[in-house]
Amino acid sequence: MKILVLGPGAREHAIVLALLAEDAGHSIVCAPGNAGIAASGVDTVDLAFTDPVAVEKYVADRGFDLVIIGPEAPLVAGVADPLRAGGVPVFGPNADAAQLEGSKAFAKRIMDEAGVPTGRAAQVTSDSAAAVLDEFGAPYVVKADGLAAGKGVLVTEDRDAALAHVATWAPHGEVLVEEFLDGQEVSLFFFADGTDVVALTPAQDYKRIFDGDEGPNTGGMGAYSPLPWLPGGTEAFVEEIKQTVAIPTVRQLAAEGTPFIGLLYCGLIVTSKGVRVIEFNARFGDPETQVVLARLESPLSAYLLAAAQGELASLPAPTFSDEPAMIVVLASEGYPGDVATGREITGLDAAAAVTGVHLVHAATARTATDGWIATGGRVLGVVSRGQNFAEARARAYSAMNEIDLEGGQFRTDIAERVV
Ligand code: AMP
Ligand code: GLY
């Protein structure tokens, strides 16, 4: 197939590697991609990938059998809309359905209508916030409505900080106060074709910057899969979420005339009272995708194309390796605040040579002498597999220890709780 992948990051690198691993002779272009994707032998193209007009023209000029939209920004900007209207198979929802991620208030309404289990929430203004925070009690959860690259959500015991967060975001749109949900987090992805869904396999993300879940939220500092501690086991858990979350959500969106075609990311918390949805995303999670696809044995492109064409029901369930996978993310000094960029990275070849390890790039560039520099916050990820989590961890961290980046940060406790 001739496939266009849109997006610049490690998630797109993982998608591209999964397509290459099919060994099906796909012709793949990634826009804009990154230097790591180019180093994997894939053509990268400098395209304004969040601009619906630019993407439509690029696709019309060249023709593609499938367009895969990686990040949320192009989805919310409506990049899928003209492509789908023009008959191009697109994996990624139209702008209206992408509101499931783009607006937390929209997502809450859909969940309410569909009867999906989620935390209690109330919309607040700077004036009403204090009373609502006192009613919900600590710890306080405050969420800005729109896309905020992980910065819109504050979970804190500090009432003044919660009030300040409301004051910061209220001028930019709706702000929600939500019930605090206590428990382990799970990310579970579903392919969706507008009507039917097909589950992938659960992963756990590490959102905080520091070991022990300390420090501010980030885009994600690591992940692992499977989750051996899931109540009832993986199969029963996945089936429960499919029946109580994914299907009702997709059917509700269809009934409202905004069918969801793409990746439904269910962000869940397993509480003592049952599983609750904390968020939906309208695209593959980053870095969870890197571990889920590292375990996927079925051909990814078949599911993406079937979803795009409304034919998921014709496919068998995908299969996943029993071998665990994990990722440790390397971030630049300062992340998730202002980051130092342009610093040299060394040791990548030695890291990639560790058994069971591969690298995915998020923000790197080549130097004139074929070296590497870091160009952003999350720089790259070390993905590993092993016969068990102890082996996967040993491999990932021995690879990470080969890599040098001045001021580089990574968590040392990824998957520790499952060894
Ligand atoms: P979100 O962007 O909604 O995924 O929120 C980012 C992170 O904040 C989540 O991954 C959770 O760790 C945390 N969080 C969000 N909502 C809640 C909640 N209601 N209770 C507890 N933690 C939450
Ligand atoms: N890892 C969290 C996300 O992709 O939103």
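One-based numbering, in listed order, for ligands and for the atoms of each.
A donor-acceptor contact under 3.5 angstrom links the side chains of Arg295 and Ser225, judged on distance only.
The distance from ligand 1 to the heavy atoms of Lys143 drops below 4.0 Å at these ligand atoms: 3 (O), 15 (C), 16 (N). Against a heavy-atom cut-off of under 4.0 Å, Lys207 is close to the following atoms of ligand 1: 10 (O). Atoms of ligand 2 found under 4.0 Å from any heavy atom of Gly285 (numbered from 1 in listed order, with element): 4 (O). Heavy-atom contacts of Leu181 reach the following atoms of ligand 1: 18 (C), 19 (N), 20 (N), 21 (C) (cutoff under 4.0 Å). Numbered from 1 in the order shown, with element, the atoms of ligand 2 that lie under 4.0 Å from a heavy atom of Asp205 read 1 (N), 2 (C). Near Gly219, meaning under 4.0 Å from any of its heavy atoms, are these atoms of ligand 2: 1 (N), 2 (C). In the vicinity of Glu178, heavy-atom distances shorter than 4.0 Å reach the ligand 1 atoms 16 (N), 18 (C), 19 (N). Annotation for ligand 1: atoms under 4.0 Å from non-hydrogen atoms of Glu185 are 9 (C), 10 (O), 11 (C), 12 (O).
Of all the heavy atoms of Asn217, the ones lying under 4.0 Å from any atom of ligand 1 belong exclusively to the side chain. In Val153, the part holding a heavy atom less than 4.0 Å from any atom of ligand 1 is the side chain. In Glu179, the part holding a heavy atom less than 4.0 Å from any atom of ligand 1 is the backbone. Contacts with ligand 2 closer than 4.0 Å are made by side-chain heavy atoms of Arg283 only, the backbone lying farther away. If you look at Tyr265 next to ligand 2, the close heavy atoms, those under 4.0 Å, all belong to the side chain.
Using a distance-only test at 3.5 Å, with no hydrogens or angles considered, a donor-acceptor pair links the side chain of Ser332 to the main chain of Gly376. When atom types are taken as modelled, the side chain of Ser128 and the backbone of Val124 share no donor-acceptor pair closer than 3.5 angstrom. Between the side chain of His26 and the main chain of Met1, a donor-acceptor pair closer than 3.5 Å is present. Between the side chain of Glu22 and the main chain of Ser301, a donor-acceptor pair closer than 3.5 Å is present. Side-chain N or O atoms of Asn388 include one that pairs as donor or acceptor with a backbone N or O of Ala390 at under 3.5 Å.
The number of heavy atoms from other shown groups lying within 6.0 Å of CD (Glu239) is above 12.
Atom NZ of Lys207 sits about 8.5 Å away from atom OG1 of Thr218, to the nearest 0.5 Å.
With Leu264 as the partner, the side-chain contact (heavy atoms from CB on, under 4.5 Å) test is satisfied by one option alone out of Phe189, Phe191, Phe280: Phe280.
Ionic pairing of Asp213 and Arg411 is present here: one or more N-O contacts between side-chain nitrogen and carboxylate oxygen are shorter than 4.0 angstrom. A salt bridge between Glu178 and Lys108 is present, with a side-chain N of the basic residue lying under 4.0 Å from a carboxylate O of the acidic one.
At under 3.5 Å, a nitrogen or oxygen of Glu288, whether backbone or side chain, sits near a nitrogen or oxygen of ligand 2. On a distance-only criterion, Phe180 and ligand 1 share no N/O pair closer than 3.5 Å. Checked against a 3.5 angstrom limit, the closest N/O atoms of Asn281 and ligand 2 fall inside it.
Residue contacts with ligand 1 include Lys104, since one or more of its heavy atoms lies under 4.0 Å from the ligand.
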